There are 2 protein chains.
Amino acid sequence: MAAVTAPKQDRSRATRQRLLEAAVSCLAEHGWAGSTVSAVAERAGVSRGAAQHHFPTREDLFTAAVEYVAEERSQALRALPSDDREAAVAALVDLYTGPLFRAALHLWVAATGEDQLRARVTELEARVGRESHRIAVEVLGADETRPGVRETVQGLLDMARGLGLATLLTDDRTRRERVVSQWARLVNEALR
Amino acid sequence: MAAVTAPKQDRSRATRQRLLEAAVSCLAEHGWAGSTVSAVAERAGVSRGAAQHHFPTREDLFTAAVEYVAEERSQALRALPSDDREAAVAALVDLYTGPLFRAALHLWVAATGEDQLRARVTELEARVGRESHRIAVEVLGADETRPGVRETVQGLLDMARGLGLATLLTDDRTRRERVVSQWARLVNEALR
DNA sequence: AAAACCATGCATGCGTGCTTGATTGTTCTA
DNA sequence: TAGAACAATCAAGCACGCATGCATGGTTTT
């Protein structure tokens, strides 16, 4: 068994942590097919057998990576600024262009074909999605009791997803900033 | 050479066509890793050697599939209705939830790691993107000379992409329809 | 000392690419 | 127009590379 007892001392947890971080950056840079266990092990600076010890199968490794990514994304969400609405929208969109979202996207798409992963990914993504919505409402100062407000915020998040997807291959920053600025105005008016 | 002379008679072009269609549906259903040449050949009803004849390498097959998907998407775009703005937005978003977009998305993400594909995909996606924008402006009856209008339409297309991405794992139709309805209203006001 | 932790080598499965052989279609010529 | 040479198209088998999984041996912690 891998964790019959919680890892008593930290060296083990350190390598486990490094393996997860390596898995995430590997996903973000080389995609699903390119993220072989040898690659993430090498990137983590450990042997392949060490990886095999912590995560007996490749699927174990990446299901753990899914939860790790979800946790990191939640954490990033809670660090959002809430002073200015324009800045809040920009920061929100930025969350969808970083390596975390890239990794999540690769997992998301890969989970389409892997039955085991799909359950985990859908479940966790639903959780992160709800949290994203909750925090978005908070930093935007939106009044969800008014009709249409909820859908407005959701649409904004969906647009952020779309921008993140577009950023995958070509990082067209200037275009993105213009779109975000305009949509921030639209949202601002709709929430007024 | 595969096409030193254009395929004189149709049996060949028929199987080539079937291979491309099979590649697209395979991508939409099983994703990139699951779309092996054996799988698409079997789905097309031909032998693996036949596929190998038309597309010597797997990469040849899927680069051809990329262009095929781009062409099909362009064709679908030109069939959009332009009578009612609400209906136009809904139809536009629907283009991002069908199997064509699913296939394009898998190609898009897979091209992140495959250097050869990335060029083709980015180039063609840029073309389709411009055409999408042009047609979106047309069916929405938007006046692009007014400031902010261009960015509003682009944001709408990005939102459609994001909705399509969200539809990959869970087809949350009712939520999508509510979001689309609300933003159709907002866009409608913004373009007035 | 025992158990967790890590490293190395081997075996299997799988997908791709290539080669060979058979069949269909096209074209040139008598 | 017949028919034979020739090219295009399709089918089947083989060899290689690669990633995963497992098993063994060494090292560190408790």
Side-chain angles (χ1 to χ4, degrees), chain A residues 1-23 26-27 29-65 106-107 110 113-117, chain B residues 1-23 26-27 29-65 106-107 110 113-117:
Chain A
M1 289 290 194
V4 51
T5 72
K8 296 298 171 59
Q9 233 23 333
D10 1 50
R11 190 187 64 162
S12 168
R13 286 200 317 195
T15 64
R16 188 187 160 94
Q17 178 83 0
R18 284 223 307 266
L19 277 171
L20 288 177
E21 290 173 355
C26 246
L27 275 175
E29 295 180 14
H30 308 307
W32 174 257
S35 292
T36 167
V37 300
S38 310
V40 323
E42 186 180 12
R43 190 184 192 94
V46 301
S47 122
R48 217 186 78 241
Q52 207 105 9
H53 172 74
H54 289 273
F55 308 98
T57 168
R58 173 189 153 102
E59 195 169 315
D60 293 327
L61 171 58
F62 282 102
T63 48
H106 282 287
L107 285 171
E114 310 274 325
D115 286 2
Q116 299 295 334
L117 273 186
Chain B
M1 289 288 195
V4 53
T5 71
K8 296 300 171 59
Q9 236 15 336
D10 0 50
R11 189 187 63 162
S12 167
R13 286 201 316 194
T15 62
R16 188 187 160 94
Q17 177 83 1
R18 284 223 307 266
L19 277 171
L20 288 178
E21 290 172 358
C26 246
L27 275 175
E29 295 179 16
H30 308 308
W32 173 257
S35 291
T36 167
V37 300
S38 310
V40 324
E42 186 182 11
R43 191 185 191 95
V46 303
S47 124
R48 207 172 63 90
Q52 205 104 7
H53 172 74
H54 288 274
F55 308 97
T57 169
R58 173 189 153 101
E59 195 170 315
D60 292 326
L61 171 59
F62 282 102
T63 49
H106 282 287
L107 284 172
E114 310 273 324
D115 286 2
Q116 300 294 334
L117 272 186

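Residue numbers start from 1 in every chain, and the chains themselves are labelled A, B, ... in the order their sequence lines are given, proteins ahead of strands. Quantities reported herein were computed from a predicted structural model and do not represent experimental measurements.
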If the cut-off is 4.0 Å, is His54(B) near the phosphate of dA8(D), judged by side-chain N/O to OP1 or OP2? no

Write down the distance between CG (Leu19(B)) and P (dC10(D)), rounded to a whole number of angstrom. 8 Å

Rounding to an integer number of Å, can you tell me how far Phe55(B) CZ sits from dC18(C) P? 16 Å

List in chain and number order the residues that pass side-chain contact (heavy atoms from CB on, under 4.5 Å) with Glu59(A), two or more places apart in sequence or in another chain; answer none if no residue qualifies. Thr57(A), Thr63(A), Gln116(A)

Starting at CD of Glu42(B) and ending at P of dG15(C), how long is that distance when rounded to a whole Å? 12 Å

Protein-proximity profile, nucleotides 11-22 of chain D, B/S/- by nucleotide at the 4.0 Å heavy-atom cutoff, equals B-B-----SBBB

Can you name the side-chain contact (heavy atoms from CB on, under 4.5 Å) partners of Glu114(A), sequence neighbours left out? Trp32(A), Leu117(A)

Would you kindly give the CD-to-P distance between Gln17(B) and dT9(D), to the nearest whole Å? 15 Å

Taken to the nearest whole Å, CZ/Arg13(A) to P/dC6(C) is 13 Å

Report the stems of DNA chain C as range-with-range entries sorted by first number; a stem here is at least three consecutive pairs, Watson-Crick or G-U wobble, both distances under 3.5 Å, and write none if there are none. C:1-30 with D:1-30

How long is the straight-line distance from CD of Glu29(B) back to CZ of Arg43(B), given to the nearest 0.5 Å? 4.0 Å

Return the CD to NE2 distance between Gln17(B) and His54(B), rounded to the nearest 0.5 Å. 11.5 Å

Taking only residues two or more places apart in sequence or in another chain, which ones pass side-chain contact (heavy atoms from CB on, under 4.5 Å) with Ala44(A)? Arg18(A), Leu19(A), Ala22(A), Val46(A)

Below 4.0 angstrom from OP1 or OP2 of dC5(C), is there any side-chain N or O of His53(A)? yes

Interatomic distance, Arg16(B) atom CZ to His53(B) atom NE2 [nearest 0.5 angstrom]: 10.0 Å

Criterion side-chain contact (heavy atoms from CB on, under 4.5 Å) against Arg48(B), the qualifying member of Val40(B), Val37(B), Thr36(B): Val37(B)

Apply side chain to side chain donor-acceptor pair (under 3.5 Å) to Ser35(B) and list each qualifying residue two or more places apart in sequence or on a separate chain. none

